[in-house]
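Working notes, beginning with the structure itself.
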Amino acid sequence: MGHRIALPEPTRNYDQDAEWFVIETTNGWREIKFHDYAAIFEIPGLYEQLFYDTLCCDSPRFMCEFLAERLLEAGENPGRLRVLDLGAGNGIMGEELAKLGVDLAVAADILPEAAEAAKRDRPEVYRDYHVLDLTALTAEQRGSLREYRFNALTCIAAVGFGDIPPECYRAAYNLVEDGGWIVLNIKKDFLTDEDPSGFAALLRDAVHHNALEVAGSRVYQHRLATNREPLHYTGFIGRKRADL
Ligand SMILES: C[S@@+](CC[C@H](N)C(=O)[O-])C[C@H]1O[C@@H](n2cnc3c(N)ncnc32)[C@H](O)[C@@H]1O
């Protein structure tokens, strides 16, 4: 049985970084912001119940299927991918990668609560789980990440909104070998000229300077908002051609 949770009335509109819900606890109802991942991951099953069962999030499955199509077209075997899953959370993307046949996936996340939740909920999906800030790596951390010789980077539902900043994404990108696969989804609004997140410029420059070759992009429904309207994201599959 799930938790007792409730969302705001659908007639209310919230920005995505202001969305909230309430959950019944032994001390009464508690309000939690959607982006308070530490609080959500600490309660078993809550992340899945809120985002997947209630708000129909589909991004890990959608993006893995998209990747699978492009791998097939390129004649590449998913089993040879060595994936860095950035902003891995409690491992839902890792689970999809395992279904695809990926043998080596390594997680990185800034939150210790995410790593603990992944160990609790999906202990089999990652070879290792690193809790770290990629913008402030020690020489030892950088060395141990390089040893994996990543040839793929996945980053799902984790950029923009005060989550992964461009400099962190850039650091992860530069850990991937040239020719590696890049799998990223991002809210459509973050790709406009007015984008405040810095990702529109990062991606534009990456393509312009031939550091990223886009193998495909698709706009799709990431999940529902609390007003039950669809939130559209753009999913990219690309090949790394050079460091950012
Ligand atoms: C919405 S969750 C997505 C989790 C997972 N990718 C999924 O699709 O279920 C966003 C994740 O990004 C992580 N995150 C936010 N800022 C980060 C940073 N600077 N470095 C690494 N991870 C970060 C959060 O801790 C959280 O686990």
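Read the numbers this way: they start at 1 and go in the same order the structure lists the ligands and their atoms. The model shown is predicted, which means the values in this text are computed figures rather than measured ones.
Not counting sequence neighbours, R120 has no partner by the salt bridge (Lys or Arg N to Asp or Glu O under 4.0 Å) test.
Counting heavy atoms closer than 4.0 Å to ligand 1, residue P165 contributes side-chain atoms (C-beta onward) but none from N, CA, C or O. Under 4.0 angstrom from ligand 1, the non-hydrogen atoms of P60 all belong to its side chain. Contacts of F34 with ligand 1, taken as heavy-atom pairs under 4.0 Å, are absent altogether.
Evaluated by nearest non-hydrogen atom to atom 14 (N) of ligand 1, the leading choice among T154, I164, I92 is I164.
At a 3.5 angstrom cut-off on N or O pairs, L132 does not count as close to ligand 1. Considering both main-chain and side-chain atoms, A157 never comes within under 3.5 Å of ligand 1 through any nitrogen or oxygen pair. For ligand 1, the polar-atom distance check against Y37 finds no nitrogen or oxygen pair separated by under 3.5 Å.
For the residue pair Y126 / D85, a side-chain donor-acceptor distance below 3.5 Å is found, with atom types taken as modelled. Judged purely by distance below 3.5 Å, without hydrogens or angles, the side chains of S197 and D195 pair a donor atom with an acceptor atom. Checked by atom type, the side-chain pair E229/N13 shows no donor-acceptor distance below 3.5 Å.
With respect to atom 25 (O) of ligand 1, the closest heavy atom belonging to the protein is D109 OD1, 2.6 Å. Protein heavy atom in closest approach to atom 21 (C) of ligand 1: I110 N, 3.4 Å.
Residues I92 and F51 have side chains not in contact (no heavy-atom distance under 4.5 Å, counting atoms from C-beta outward).
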